[in-house]
Amino acid sequence: MGVINLSADSWYRESVVLRPEKAIDRAMILAAQGAQIIDVGAESTLPHADLIEVEKQWQRLEPVIRTGSEKGLALSVETYHPAMAQRALEAGAQCINLTGQAEASAIYRACAAHDAAVIICYVQGANVRSVKDLSFDQDPIEVMLPWFEQRIQEATSMGVQKICIDPGL
């Protein structure tokens, strides 16, 4: 998976590309280097980073998704906003990298309707931006297994057929 962040605040510095046309160029390079999926996002997951309104995220992501899709790239969009997920899938994204659970049902339904994959990220909180203190008082696998089982069951019950899990944070 290649990663492109259209957010100056991203913690993964090597992935930051601030202009859509440069992000498209970067996506093509990542694909040529062997990336089978290109994950794009427009809001940093860092707690101190600015929250970016969905419309502003969309302005950054839309040309990358549309052009990348036209060029045959498999695109994943990182979001926890149902409106962003819906727009991304309509524009040609094939996967949603889900970084929150507060509105996961709407995103699962959108993925099912578009025969898209979903990456379910382990997030302690409503979304990745609301995580305060991570709690792993016990073996993290023992905590994550039932958490993922519940989310996978919900996603499959809504018709999602392609699911990946990301232990994330």
**Q** Rounded to the nearest 0.5 Å, what separation is found between the CD1 atom of I65 and the CD1 atom of I38?
**A**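 The CD1 atom of I65 sits 13.0 Å away from the CD1 atom of I38.
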**Q** Going by heavy atoms in the side chains, are S105 and E154 under 4.5 Å from each other?
**A**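 Yes, their side chains come closer than 4.5 Å.
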**Q** Is it true that R87 and E55 make a salt bridge, defined as a side-chain N closer than 4.0 Å to a carboxylate O?
**A**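 Between E55 and R87 there is a salt bridge, with a charged N closer than 4.0 Å to a carboxylate O.
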**Q** So how far is it from C164 SG to N97 CG, rounded to the nearest 0.5 Å?
**A**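 These two atoms lie 9.0 Å from each other.
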**Q** Looking at A83 and V54, what are the two nearest heavy atoms and their distance?
**A**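 Scanning both residues completely, I find the closest heavy atoms to be CB-CG1, 4.5 Å.
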**Q** To check you understand the geometry: which heavy-atom pair defines the closest contact between V77 and M84, and what is its length?
**A**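 Scanning both residues completely, I find the closest heavy atoms to be CG1-CG, 4.4 Å.
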**Q** Any luck finding a side-chain donor-acceptor pair between Q86 and E90 under 3.5 Å?
**A**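 Their side chains do contain a donor-acceptor pair, which is all the 3.5 Å distance test asks for.
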**Q** How many angstroms lie between atom CE of M144 and atom CG of D166, to the nearest 0.5 angstrom?
**A**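 Between atom CE of M144 and atom CG of D166 there are 9.0 Å.
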**Q** What heavy-atom pair brings I4 and A27 nearest, and what distance separates the two atoms?
**A**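 Distance-wise, the nearest heavy atoms are CD1-N, 3.5 Å.
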**Q** What verdict does the side chain to side chain contact (heavy atoms under 4.5 Å, CB included) test give for K162 and Q94, after you've listed the backbone C-alpha separation in whole Å, the side-chain angles of each residue and the deciding distance to 0.1 Å?
**A** CA-CA 10 Å; K162 300 173 221 164; Q94 298 169 335; over 6 Å; no
**Q** What verdict does the side chain to side chain contact (heavy atoms under 4.5 Å, CB included) test give for K22 and R26, after you've listed the backbone C-alpha separation in whole Å, the side-chain angles of each residue and the deciding distance to 0.1 Å?
**A** CA-CA 6 Å; K22 294 295 182 186; R26 179 75 180 139; over 6 Å; no
**Q** Considering non-hydrogen atoms only, spot the tightest contact between Y108 and I120 and give its length.
**A**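 The answer is OH-CD1, 3.7 Å.
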**Q** Between M1 and I119, is there a side-chain heavy-atom distance shorter than 4.5 Å?
**A**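 SC-SC contact between I119 and M1 confirmed.
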**Q** Where is the tightest heavy-atom contact between I107 and A85, given as atom of each residue plus distance?
**A**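 Residues I107 and A85, closest heavy atoms: CG1-CB, 4.0 Å.
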**Q** What do you reckon, is CD of E53 surrounded by more than 12 foreign heavy atoms closer than 6.0 Å?
**A**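 Not more than 12 within 6.0 Å, no.
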**Q** If the plane angle is over 60° it's perpendicular, under 30° parallel, otherwise tilted; pick one for Y122 and W147.
**A**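 Y122 and W147: perpendicular rings.
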**Q** Check whether any side-chain heavy atom of I29 sits under 4.5 Å from a side-chain heavy atom of Q33, and report yes or no.
**A**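 Heavy-atom side-chain distance check passes, below 4.5 Å.
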**Q** Which pair of heavy atoms, one from S69 and one from A91, lies closest together, and at what distance?
**A**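 Looking at all heavy atoms of both residues, the closest pair is CB-O, 4.0 Å.
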**Q** Within this structure, what is the CD-CD1 distance for the pair Q153 and I163, rounded to the nearest 0.5 Å?
**A**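 Those atoms lie 10.5 Å apart.
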**Q** Can you tell if the side chain of H81 reaches within under 4.5 Å of the side chain of W58, non-hydrogen atoms only?
**A**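 Heavy-atom side-chain distance check fails, nothing below 4.5 Å.
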**Q** Do the side chain of Q57 and the main chain of I52 share a donor and acceptor less than 3.5 angstrom apart?
**A**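 Yes; judged by distance alone, with no hydrogens or angles, the pair exists.
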**Q** Kindly compute the distance separating CG (N5) from CD (E43), expressed to the nearest 0.5 Å.
**A**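 CD of E43 is found 11.0 Å from CG of N5.
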**Q** Measuring from I96:CD1 to L98:CG, what's the distance to the nearest 0.5 Å?
**A**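 Interatomic distance, I96 CD1 to L98 CG, rounded to 0.5 Å: 8.5 Å.
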